[in-house]
Amino acid sequence: MDSELVARERSGHTAVVEGDLLYVWGGYLSIADEEVFLPNNEIWVYDLERGAWEVFPMSGEVPPSLSGTCGCSLNGHLYIFGGCDHNGQTNEIYCVNLTDGKYMWRKIRHEIGSAPSPRDKLSSWVHNESIIYFGGYGRKLLTNVDRRNRSFIVDEASWMEDVRWGWNNEVHVFDTVKSRWSEPQAHGRAPAPRAAHASAAVGCRGYICGGRVMETRTSDIHCLDFQTWTWSEIIPVSTSPVGRSWHTLTSVSDGGLFLFGGLSVECKPMSDGWLLDVETKNWREVEHPFKNKPRLWHTASPGKDSDVIVFGGSCDSILLVDTGHCNDALVFQTQPYPLFRICKDYIAMNLMNCETLRDQLHLLPPKLLMAVQTRMSFYRPSKKY
């Protein structure tokens with residue numbers, strides 16, 4: 001394994017965590033003021049224990065190179081839907097097995113129902129064997145746009161003769177077992193149509209936060225009950241994060257959601273982190289070691305011990321200056337670590353500088369010894385941080 005191999009900087013990509021591995025696909029970066037899509041026939045894998053990257057070729061029915069696609073992990077498979085390429089938004093869905101080492105893409109052809117209209121910058125929740133998609137920005141045929149129906153707001157700055165672009169608040173469900181699309185009849189007051197928002201699920205409820213609604217960026221929070229398909233708005237009882245888009249929301253406990261980064265109402269890249277208790281409706285800003293690393297259009301994946309793994313994204317306002325794409329992985333600790341992990345990390349971190357530790361290493365229990373030997377790679381002197 002090449003310890004100096006590192007994934008390319010990118011934004012608008014897809015990333016998921018399976019076990020101790022972070023998988024990264026797609027996205028784009030800017031080169032000489034040109035948007036360049038990252039290769040679609042490779043997947044980057046970061047070992048969170050060793051701190052090392054590998055890249056693997058992909059084959060099969062390979063999707064086009066995309067940014068703004070919606071990715072999620074279900075039963076060891078990465079599913080992507082939507083996104084934008086050089087030809088505009090798409091509404092195709094693909095999946096790849098992350099666990100068999102073959103990395104062979106498969107384009108899913110639905111057998112029942114109708115796929116949503118083409119869109120990007122949407123979000124998803126995984127529930128049972130289904131993927132639930134919400135919102136996004138995309139195009140519809142003029143004949144399918146009903147201005148009396150507030151589920152699709154037309155972007156007056158972007159249209160063609162028979163096509164309209166805009167924001168939506170639609171809920172679409174893809175059943176991965178039956179290859180079936182459906183659009184449940186939702187109840188309650190739905191959130192305003194939006195894109196570049198953040199979402200996370202806790203149990204049988206999905207939450208969305210913020211995003212761009214026409215020319216504004218919001219901080220509102222809404223909850224969708226997957227059993228009754230009923231929307232409700234959460235009104236915080238505390239100070240809330242400022243309105244933003246291109247941020248992330250990650251479930252870190254049975255009732256906790258971690259928000260990070262984004263682009264603020266003032267078009268400022270953000271580096272703040274917040275925890276929302278969905279039961280008490282209380283936001284709490286949290287201290288973390290990455291306050292000097294603002295990120296937007298990054299990814300955030302739940303890791304072990306309630307860690308949140310943030311990768312890539314931009315550190316500047318991509319609407320104004322699109323040069324600051326990143327390729328570092330930031331690990332946010334949101335809960336106290338187990339004693340085993342604390343011991344493993346302490347030994348691995350200090351082994352090279354402590355003769356006593358080195359002399360007594362062989363006395364460790366086999367499971368801890370193996371874990372320390374693996375973790376030592378993360379703290380190797382040659383590693384580029």
Side-chain angles (χ1 to χ4, degrees), residues 15-24 46-51 72-74 123 125-127 198-210 219 221 223 234 236-241 244 247-262 270-295 298-313 328-350 365 367-368 370-372 374-376 378-379 385:
V16 297
V17 168
E18 285 286 330
D20 290 326
L21 302 177
L22 171 72
Y23 295 86
V24 177
Y46 182 66
D47 189 317
L48 294 162
E49 279 295 297
R50 299 179 183 274
C72 64
S73 175
L74 175 59
S123 68
W125 305 287
V126 172
H127 181 61
S199 71
V202 178
C204 60
R205 292 183 173 88
Y207 297 84
I208 67 155
C209 175
S219 61
I221 315 154
C223 171
I234 293 181
V237 298
S238 59
T239 302
S240 299
R244 65 191 69 198
H247 52 302
T248 49
L249 193 68
T250 311
S251 176
V252 294
S253 65
D254 288 341
L257 302 175
F258 178 74
L259 179 151
F260 174 68
M270 303 298 289
S271 62
D272 52 342
W274 295 75
L275 275 172
L276 172 68
D277 186 317
V278 298
E279 298 300 328
T280 65
K281 304 178 182 179
N282 184 73
W283 278 112
R284 175 172 61 88
E285 187 169 7
V286 296
E287 290 298 318
H288 63 78
F290 307 117
K291 288 295 181 69
N292 64 336
K293 294 193 173 188
R295 293 290 184 271
H298 53 282
T299 53
S301 307
K304 66 180 181 181
D305 302 326
S306 294
D307 278 350
V308 175
I309 317 301
V310 167
F311 175 75
D328 45 356
L330 313 179
V331 180
F332 290 81
Q333 178 183 354
T334 67
Q335 302 285 337
Y337 284 154
L339 182 59
F340 182 90
R341 181 169 178 177
I342 294 172
C343 294
K344 174 191 66 178
D345 282 357
Y346 181 86
I347 297 170
M349 186 189 309
N350 294 284
K367 182 180 177 182
L368 180 56
M370 184 177 297
V372 167
T374 299
R375 189 62 170 164
M376 283 171 57
F378 186 89
Y379 298 105
Y385 289 95

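Note that these values count all heavy atoms, side chains included, but never hydrogens, waters or copies made by symmetry. Here, residue 1 is the first one in the sequence, and each next residue gets the next number.
In this view, Thr299 and His13 satisfy the side chain to side chain donor-acceptor pair (under 3.5 Å) rule, not counting sequence neighbours. Partners of Val202 by side-chain contact (heavy atoms from CB on, under 4.5 Å), not counting sequence neighbours, listed by chain and number: Tyr207, Ser251, Leu257. For the side-chain contact (heavy atoms from CB on, under 4.5 Å) test, residues two or more places apart in sequence or in another chain that qualify with Leu48 are Val17, Tyr46, Ile309. Not counting sequence neighbours, the partners of Ser238 by the side chain to side chain donor-acceptor pair (under 3.5 Å) test are Asn282. Lys281 is linked by a salt bridge (charged side-chain N to carboxylate O under 4.0 Å, His left out) to nothing, counting only residues two or more places apart in sequence or in another chain.
When every heavy atom of Ala200 is checked against every heavy atom of Leu249, the shortest pair comes out as CB-O, 3.6 Å. Taking both residues in full, the closest heavy atoms of Pro241 and Leu259 are given as CG-CD1, 4.4 Å, listed atom of the first, atom of the second, then distance. Of all heavy-atom pairs spanning Leu21 and Asp47, the tightest one is CD2-CA, 3.8 Å. Here the closest non-hydrogen pair linking Ala300 and Val308 is CB-CG1, 3.9 Å. Nearest approach of Ala348 to Met376, heavy atoms of both residues: CB-N, 3.9 Å. The two residues Cys209 and Trp283 have their closest heavy-atom pair at SG-CZ2, 4.3 Å.
The line from CZ of Phe332 to CG of Leu275 is 11.0 Å long, rounded to the nearest 0.5 Å. Interatomic distance, CG of Leu330 versus NE2 of His298, reported as 9.0 Å (0.5 Å rounding). Remark: Leu368 CG to Lys344 NZ distance equals 9.0 Å, nearest 0.5 Å. To the nearest 0.5 Å, atoms CD (Glu279) and CD1 (Ile234) are separated by 8.5 Å. Interatomic distance, Arg375 CZ to Ile347 CD1, rounded to the nearest 0.5 Å: 12.5 Å. Within the model, atoms CH2 of Trp125 and SG of Cys72 stand 12.5 Å from one another, a figure rounded to the nearest 0.5 Å.
When side chains are defined from C-beta on, Val278 does not count as touching Arg205, because their heavy atoms never get closer than 4.5 Å. Contact check for Thr334 versus Asp307: no side-chain heavy atoms found under the 4.5 Å cut-off.
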Let me have the donor-acceptor pairs involving side chains of residues 285-293, under 3.5 Å, with sequence neighbours excluded, atom names and distances please.
residue	atom	partner	partner atom	Å
His288	ND1	Phe290	N	3.0
His288	NE2	Ser271	O	2.8
Lys293	NZ	Asp328	OD2	3.1

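In the displayed structure, Tyr346 atom OH is contacted under 6.0 Å by at most 12 heavy atoms of other residues, nucleotides or ligands.
No side-chain donor from either of Gln335 and Ser253 sits under 3.5 Å from a side-chain acceptor of the other. A donor atom on one side chain and an acceptor atom on the other are not found under 3.5 Å apart for Asn350 and Tyr379.
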Could you check His247 against Met270 for side chain to side chain contact (heavy atoms under 4.5 Å, CB included), going step by step and ending with a plain yes or no?
CA-CA 9 Å; His247 52 302; Met270 303 298 289; over 6 Å; no
